[in-house]
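These notes concern the structure reproduced below.
In this text the structure is predicted, and so the values were computed from the model without any measurement. In what follows, chains are A, B, ... by sequence order, proteins preceding strands, each numbered from 1.
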There are 4 protein chains.
Amino acid sequence: MPKAPLTPRKAPRQERSRKTCDAILKAAADILAREGQTGLNTNHVARKAGVSIGSLYQYYPNKQSIVGALIHARRAALLAEMEQAAEAAEAAGLDEIVRAMVAVRLRHHFRHPRLAEALSRAEAELPADRDLRQQRTRVEAMIVAVLAEYYVDDPETVARDVLAIGDGMACAAVEAGESDAEALVARVDRAVLGYLAPIVGD
Amino acid sequence: MPKAPLTPRKAPRQERSRKTCDAILKAAADILAREGQTGLNTNHVARKAGVSIGSLYQYYPNKQSIVGALIHARRAALLAEMEQAAEAAEAAGLDEIVRAMVAVRLRHHFRHPRLAEALSRAEAELPADRDLRQQRTRVEAMIVAVLAEYYVDDPETVARDVLAIGDGMACAAVEAGESDAEALVARVDRAVLGYLAPIVGD
Amino acid sequence: MPKAPLTPRKAPRQERSRKTCDAILKAAADILAREGQTGLNTNHVARKAGVSIGSLYQYYPNKQSIVGALIHARRAALLAEMEQAAEAAEAAGLDEIVRAMVAVRLRHHFRHPRLAEALSRAEAELPADRDLRQQRTRVEAMIVAVLAEYYVDDPETVARDVLAIGDGMACAAVEAGESDAEALVARVDRAVLGYLAPIVGD
Amino acid sequence: MPKAPLTPRKAPRQERSRKTCDAILKAAADILAREGQTGLNTNHVARKAGVSIGSLYQYYPNKQSIVGALIHARRAALLAEMEQAAEAAEAAGLDEIVRAMVAVRLRHHFRHPRLAEALSRAEAELPADRDLRQQRTRVEAMIVAVLAEYYVDDPETVARDVLAIGDGMACAAVEAGESDAEALVARVDRAVLGYLAPIVGD
DNA sequence: GATGAATGAGCCTTCATTCAT
DNA sequence: GATGAATGAAGGCTCATTCAT
């Protein structure tokens with residue numbers, strides 16, 4: 001494979017560029033949420049974004065880079081929210097902090113569930129990308145940091161499990177038609193706390 | 001869309017047909033596990049199966065029906081295993097039965113993790129199919145039955161959550177490079193029991 | 001570059017395939033002769049060949065391979081003619097043999113001058129291909145063999161020069177509107193013999 | 001086609017314009033020499049020239065006009081050199097003058113062989129342009145003039161042949177990796193003199 | 001005049017599917 | 001029934017050229 005970059009082609013310097021770039025991502029997100037990967041093609045995205053196909057390729061070197069940018073942007077937002085939550089709960093105990101961060105993630109998921117899931121599937125099929133991998137690591141690292149502070153054993157695995165519990169339940173809930181994020185948060189809390197209880201020394 | 005059927009074109013009655021059908025599914029499974037959806041195309045499948053593209057279409061009306069058949073076949077196997085597990089654990093308490101069934105599912109996943117995940121992603125993108133939906137319901141129904149017997153409230157949601165916890169953790173574990181199913185089973189148990197504890201009257 | 005093969009994709013086994021393959025080459029030759037590289041695109045070729053674009057790609061993995069095949073085929077024919085000429089002139093002296101071979105080449109060129117030149121230009125822009133390079137060497141080798149037999153010094157350079165004289169004059173003649181191959185043969189003879197005279201021991 | 005002009009849009013009168021024009025031609029020459037026609041595109045040229053794409057189109061109405069200008073400029077330089085050579089050899093005999101002019105051409109070719117050949121191929125594919133055709137004629141006319149002075153028959157054909165011999169041998173030599181212009185000059189001399197001998201009355 | 005964002009026709013190529021043998 | 005040649009819609013992407021700023 002001739003190494004297809006997953007990062008945008010150039011940083012938009014002019015105001016107009018920013019708009020175009022954003023319109024493309026927005027259109028792609030919309031299509032992905034509505035029709036999944038199947039319906040996502042560059043011509044379609046460009047048309048929906050009200051932009052010519054040439055402009056699209058001015059900013060994104062290939063189709064995958066659009067999906068990559070979308071994943072990156074959403075995860076960056078999530079990271080910011082998680083950091084905020086971590087700070088807010090700083091004073092509280094381990095359980096409270098972890099719950100807060102997981103809750104943020106769930107709410108994030110519930111805000112655009114179809115998109116969240118389409119992106120998650122898309123990422124799994126995307127060729128490995130260093131940037132995205134790092135970013136993913138950073139999300140886990142936030143939990144790892146908290147766990148480590150409390151001397152939890154093997155914090156990486158624990159962090160991964162905790163996040164996975166939330167993700168799994170969120171997907172299933174959305175698929176089943178649920179739309180009340182807080183109801184799910186409560187259930188996930190039970191699972192997460194149950195999972196943590198035996199390994200957190202009191 | 002003119003509503004493409006997802007089920008095989010005809011039930012293969014003859015020995016020869018069976019073999020062809022199986023070879024096709026096997027080839028598709030292999031490709032899906034190795035290369036994901038991206039690498040899956042009918043010509044490739046036919047060649048790998050040692051079958052002409054014409055024959056492939058004799059048995060499967062379209063590409064999606066192959067994926068559909070694959071999902072169906074694997075889930076049928078899972079169902080059988082779960083039934084067996086349920087019977088074996090019948091005498092035990094609620095926790096034990098649920099744990100047993102979840103464990104079966106995890107081991108099933110770990111047997112062919114790349115395939116399991118590719119299929120799960122594929123199913124999410126497939127157009128809704130009555131047959132597959134029913135089958136999925138049946139898996140949940142098995143847990144629901146057990147829960148109901150123990151007077152658990154809203155057993156459908158609980159069943160869904162329990163399965164989702166296992167699925168989520170399994171995907172994350174595989175992605176992280178784990179390969180020890182039993183280690184994961186233990187961790188999932190913690191989460192599942194923690195989740196169940198408050199809602200199971202003792 | 002991801003290594004684009006210049007050789008046909010598969011050898012046609014059925015009668016029908018042969019026809020398709022040939023029709024494609026013929027169409028490509030026609031377009032190349034009439035419009036040059038500029039007018040050569042796969043859709044155009046397919047249409048003119050009375051073949052679907054899909055069929056074209058069944059036999060030629062990419063556009064360049066069509067041009068490559070064309071070059072190869074024409075040069076193979078030339079080689080055959082040159083061999084014949086060499087045999088026929090075997091008894092004669094060095095001059096005679098070389099003249100005969102050069103004459104064959106000129107006549108070959110004059111049979112389809114626009115095509116010959118378009119292909120020659122195309123080959124220069126094509127990525128280096130081992131197969132074509134070898135074939136080109138073989139043409140020169142035929143002259144080298146004759147020269148070596150007569151103890152000519154540095155036969156490779158001499159062979160190259162002799163051929164180049166003919167090629168250069170042929171291109172210029174065609175471009176100027178000449179169409180009488182034999183008139184040109186006579187003039188090329190003068191140049192070639194003049195070139196050889198000082199280096200051929202008498 | 002709406003008849004695209006091959007000549008620069010306007011004569012650059014100001015110093016600034018001259019520089020831009022030249023930078024564009026230089027960049028185009030460089031790309032053409034390095035990558036051939038394939039790599040030549042207007043955006044690439046503009047970037048390499050350190051000029052905006054808009055400015056490029058200010059001076060050259062289309063891509064072909066850039067190539068045309070390049071051909072024109074190089075051939076103008078060649079013409080000047082040939083004139084100089086003709087003057088210098090004026091006193092000598094026919095052979096000497098012709099040899100001198102051919103030698104100039106060969107050295108010109110060897111100074112930038114990749115470019116010379118790329119341009120020659122490009123010119124062949126360019127739509128006929130009156131300006132370039134005239135210029136080409138002028139090169140031949142210089143030889144024709146000398147030949148006519150010596151009462152050579154059909155001087156146009158002879159001039160064409162003589163030039164073609166040199167061109168053909170130069171291309172082949174460069175392609176074979178030769179880089180010693182003088183060595184080639186000697187060989188071309190042999191061919192040219194051999195060609196001329198029978199038709200020049202002594 | 002200069003800039004570079006935007007445009008869109010058009011090209012290469014793939015792949016699900018059909019159909020003649 | 002099997003085969004595999006053929007089909008063509010569709011999609012990714014480039015690049016010559018225009019135009020608003």
For the pair made of CZ in A:Arg47 and C1' in F:dG12, what is the distance, rounded to whole Å?
14 Å
Close side-chain approach of B:Arg133 to B:Arg136, heavy-atom, < 4.5 Å
yes
Using a heavy-atom cut-off of under 4.0 Å over every strand shown, decide if C:Leu56 touches base, sugar-phosphate, or nothing.
nothing
For the atom pair CG (A:Leu56) and CG (A:Asn62), what is the distance rounded to the nearest 0.5 Å?
10.0 Å
How many Å lie between NZ on D:Lys19 and P on E:dA2, as a whole number?
13 Å
Round to the nearest Å and state the distance from C:Leu40 atom CG to E:dG10 atom P.
17 Å
Check every strand shown and say whether B:Asn43 touches a base, only sugar-phosphate, or nothing at a heavy-atom separation below 4.0 Å.
base
Charged N-O contact under 4.0 Å between C:Glu123 and C:Arg75
yes
Main chain of A:Leu126, side chain of A:Gln64: is a donor-acceptor contact present, judged purely on distance under 3.5 Å?
no
In the structure I gave you, are the side-chain heavy atoms of D:Leu25 and D:Tyr60 within less than 4.5 Å of one another anywhere?
yes
Can you pull every protein N or O that's under 3.5 Å from an N or O on nucleotides 19-21 of chain E?
none

Would you say D:Gln58 and D:Thr20 make side-chain contact, with heavy atoms under 4.5 Å?
no
Atom pair distance, as rounded to whole Å: CD1 in B:Ile31 and P in E:dA16
11 Å
Contact under 4.0 Å: B:Ser17 side-chain N or O vs F:dG1 OP1/OP2:
no
Taking only the side-chain nitrogens and oxygens of D:Tyr59, find out if one of them lies under 4.0 Å from OP1 or OP2 of E:dA2.
yes
Roughly, in whole Å, what's the span from CD1 in A:Ile24 to C1' in E:dA5?
12 Å
Can you tell me how far C1' of F:dG12 sits from CD1 of A:Ile66, to the nearest Å?
10 Å
Can you work out whether A:Ile53 or D:Lys63 has the more 5'-proximal nearest nucleotide on DNA chain F?
A:Ile53
Please list every stem that involves DNA chain F, where a stem is a run of 3 or more consecutive Watson-Crick or G-U wobble pairs with both pairing distances under 3.5 Å.
E:2-21 with F:2-21
Return whichever of C:Asn41 or A:Ser55 has its heavy-atom-nearest nucleotide of DNA chain E closer to the 5' end.
A:Ser55
Going by atom type alone, with no hydrogens or angles, which donor-acceptor pairs under 3.5 Å involve a side-chain atom of residues 35-44 of chain D and a protein atom two or more places apart or on another chain?
unit_1: D:Asn41; atom_1: OD1; unit_2: D:Asn43; atom_2: N; d: 3.1
unit_1: D:Asn41; atom_1: OD1; unit_2: D:His44; atom_2: N; d: 2.9
unit_1: D:His44; atom_1: ND1; unit_2: D:Gly39; atom_2: O; d: 3.2

Please give, in whole Å, the distance from E:dC11 P to C:Gln37 CD?
14 Å
Nearest whole angstrom, please: distance from the P of F:dT17 to the CD of D:Gln58.
15 Å
Value rounded to 0.5 Å, distance of SG in B:Cys21 from NZ in B:Lys26:
14.5 Å
Using OP1 and OP2 only, check whether a side-chain N or O of B:Thr42 sits under 4.0 Å from E:dA16.
yes
